[in-house]
J.: 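My questions all concern the structure below.
Everything numeric here is computed off the predicted structure, so don't read it as measured data.
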There are 2 protein chains.
Amino acid sequence: MSERPRRVTRQQQAITAALQGRDDFRSAQELHAQLRSGGATIGLATVYRTLQALADEGLIDMLRTEGGESLYRACSRGHHHHLVCRTCGRTVEVEADDAERWAIRTATAYGFTDVEHTLEIFGRCASCSGSGG
Amino acid sequence: MSERPRRVTRQQQAITAALQGRDDFRSAQELHAQLRSGGATIGLATVYRTLQALADEGLIDMLRTEGGESLYRACSRGHHHHLVCRTCGRTVEVEADDAERWAIRTATAYGFTDVEHTLEIFGRCASCSGSGG
DNA sequence: GCATCAACTGAGAATGATTCTCATGTTCGT
DNA sequence: ACGAACATGAGAATCATTCTCAGTTGATGC
């Protein structure tokens, strides 16, 4: 349960910087491509490792698309959830205190411990609602 | 938006029967292995196709594990969510009317339409809490 | 019962994201 | 600067899922 010491490397700084620069979710693959095209020398494995480690420590935010792909984003506050536009990918951070409490209460009621939950809302945002149907 | 006509084949019946027989979630791979070891002649692709088609029509229930694997189960009622034990895999169906309403309300408040959501709760059930920690 | 045709099937290849391997490169403590 | 442990990265390996396409089978008409 204790976090291991982590060395400060050029690659990790590059990843962190790339995340800080923007506020949209990106996959490890995208991030890797962007870093490479930005001149950085970094391997895909390192991007995956670093993103997972950061997400693990709660330093960045992660969500999984319906296609099973993991997306990452620089994340601010503690625990929250996302409203994702399935057309343009825009995301809105939402706080889900109620839903959260409900999840924990429900799980506890059934005798479950060590409870975690995933909650993502997918839809079409106002800008994209007009187009395809 | 209209469901295509579907022929009644031996394979689909086998899959449906296998699902009806039990009440736990299984992956397409597991289901395939079970059908094969049960003497059925069925291909993996068919299992995947059929499960997806059934889930698509809402005839069976599907959830995605944290590892990104899709699990299926014969499903009764309409929309609901699951409480999954991460140790023994036991699942409890829970109704999440409140959480549901919250999700829709929140999404609508942000101008989103065509809203869907995923909500899974993972934890350790009472039977498994005693063991490993 | 038999022919016909389109939908269904299935073995294996293809795909695509993620993880693993392990030799090499870096960081950190001294 | 030195050494040792940790990090890196190119590419292979893994693993679930999807695709391909020729052969099979169910539904239908006669």
Side-chain angles (χ1 to χ4, degrees), chain A residues 2-19 25-57 59-73 84 89 118 120, chain B residues 2-19 25-57 59-73 84 89 118 120:
Chain A
S2 59
E3 48 212 59
R4 299 173 200 160
R6 171 166 306 133
R7 293 189 181 169
V8 178
T9 65
R10 196 179 313 284
Q11 290 86 348
Q12 287 178 20
Q13 291 178 334
I15 290 173
T16 303
L19 285 169
F25 276 90
R26 278 166 291 173
S27 67
Q29 305 268 359
E30 288 173 330
L31 215 33
H32 176 243
Q34 287 171 23
L35 287 165
R36 291 298 276 259
S37 65
T41 301
I42 191 169
L44 186 53
T46 301
V47 175
Y48 272 104
R49 267 189 300 241
T50 303
L51 287 174
Q52 281 189 356
L54 292 173
D56 231 40
E57 294 180 36
L59 298 178
I60 64 173
D61 200 16
M62 174 196 137
L63 70 79
R64 202 182 289 263
T65 66
E66 293 174 293
E69 204 178 3
S70 294
L71 304 182
Y72 302 86
R73 156 173 161 169
V84 185
T118 65
E120 313 292 350
Chain B
S2 59
E3 47 212 62
R4 302 171 200 161
R6 171 166 310 134
R7 288 191 185 167
V8 178
T9 66
R10 196 177 313 282
Q11 290 86 349
Q12 288 178 19
Q13 291 178 333
I15 291 173
T16 302
L19 285 169
F25 277 89
R26 277 165 292 174
S27 68
Q29 305 268 358
E30 287 173 329
L31 214 33
H32 176 242
Q34 286 171 22
L35 286 165
R36 291 296 275 259
S37 66
T41 301
I42 191 168
L44 186 53
T46 300
V47 175
Y48 272 103
R49 267 189 301 240
T50 303
L51 287 174
Q52 282 189 355
L54 291 173
D56 232 41
E57 294 179 36
L59 298 178
I60 64 174
D61 199 15
M62 173 196 137
L63 71 80
R64 203 181 289 263
T65 67
E66 293 174 291
E69 205 179 4
S70 295
L71 303 182
Y72 302 86
R73 157 171 159 169
V84 186
T118 64
E120 312 294 349

J.: Within this structure, what is the CD-to-C1' distance between A:Gln52 and C:dA17, rounded to whole angstrom?
T.: 11 Å

J.: Quickly work out the A:Leu44 CG to C:dT19 P distance and round it to whole Å.
T.: 10 Å

J.: Can you measure A:Leu31 atom CG to C:dA17 atom P for me and round it to whole angstrom units?
T.: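 Atom CG in A:Leu31 sits about 14 Å away from atom P in C:dA17.
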
J.: I need the residues from residues 8-16 of chain B with at least one non-hydrogen atom less than 4.0 Å from DNA chain D; give them sorted by number, or say none.
T.: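 Listed by number, they are B:Val8, B:Arg10.
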
J.: Could you check whether B:Arg36 gets within reach of a base, just the sugar-phosphate, or nothing at all, counting any heavy atom under 4.0 Å?
T.: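 Sugar-phosphate contact only.
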
J.: Which whole-number value in Å describes the distance from B:Arg7 CZ to C:dA6 P?
T.: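 For the pair B:Arg7 CZ and C:dA6 P, the rounded distance is 10 Å.
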
J.: In whole Å, I'd like the distance from the CG atom of A:Leu35 to the P atom of D:dA10.
T.: 13 Å

J.: Decide yes or no for B:Glu30 and B:Tyr72: does some side-chain heavy atom of the first lie under 4.5 Å from some side-chain heavy atom of the second?
T.: no

J.: Between atom NE2 in B:His32 and atom P in D:dC15, what is the gap in whole Å?
T.: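 Computing the B:His32:NE2 to D:dC15:P distance gives 17 Å.
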
J.: What residues form a ring pair (Phe, Tyr, Trp, His ring centres under 6.0 Å) with A:Phe25, not counting sequence neighbours?
T.: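 Applying ring pair (Phe, Tyr, Trp, His ring centres under 6.0 Å) to A:Phe25 gives A:His82.
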
J.: Between B:Leu51 and B:Leu19, does the side chain to side chain contact (heavy atoms under 4.5 Å, CB included) criterion hold? Intermediate values first, please.
T.: CA-CA 10 Å; B:Leu51 287 174; B:Leu19 285 169; 3.9 Å; yes

J.: Return the value, rounded to whole Å, for the distance between atom OH of A:Tyr72 and atom C1' of C:dT18.
T.: 9 Å

J.: List the steps and the verdict of side chain to side chain contact (heavy atoms under 4.5 Å, CB included) for A:Leu31 and A:Gln34.
T.: CA-CA 5 Å; A:Leu31 215 33; A:Gln34 287 171 23; 4.2 Å; yes

J.: Looking at every non-hydrogen atom in both residues, tell me the closest pair between A:Met62 and A:Ala55 and how far apart they are.
T.: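 In this case the closest contact between A:Met62 and A:Ala55 is CB-CB, 4.3 Å.
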
J.: Looking at A:Gln29, A:Arg49, A:Arg36, which hits side-chain contact (heavy atoms from CB on, under 4.5 Å) with A:Leu44?
T.: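 Considering A:Gln29, A:Arg49, A:Arg36, a side-chain contact (heavy atoms from CB on, under 4.5 Å) with A:Leu44 is found only for A:Gln29.
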
J.: D:dA5, C:dA6, C:dT18: which one has an atom nearest the side-chain heavy atoms of A:Gln29?
T.: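 When the side chain of A:Gln29 is considered, C:dT18 is the closest of D:dA5, C:dA6, C:dT18.
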
J.: Give the intermediate values and the outcome of side chain to side chain contact (heavy atoms under 4.5 Å, CB included) for residues B:Thr9 and B:Thr46.
T.: CA-CA 11 Å; B:Thr9 66; B:Thr46 300; over 6 Å; no

J.: Mind checking B:Thr41 for me? I need base, sugar-phosphate or nothing, with any heavy atom below 4.0 Å counting as a touch.
T.: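 Sugar-phosphate, no base atom in range.
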
J.: Nearest-Å distance, CZ (B:Arg49) to P (D:dC21)?
T.: 14 Å

J.: Closest to the B:Glu69 side chain: D:dG9, D:dT17, C:dT18?
T.: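 Among D:dG9, D:dT17, C:dT18, the one nearest the side chain of B:Glu69 is D:dT17.
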
J.: Would you mind telling me which of D:dC6, C:dA17, C:dT9 lies closest to the side-chain atoms of A:Tyr48?
T.: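 The answer is C:dA17.
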
J.: Judged by each residue's nearest nucleotide on DNA chain D, which is more toward the 5′ side, B:Ser70 or A:Thr46?
T.: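 Counting from the 5' end, the first nearest nucleotide belongs to A:Thr46.
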
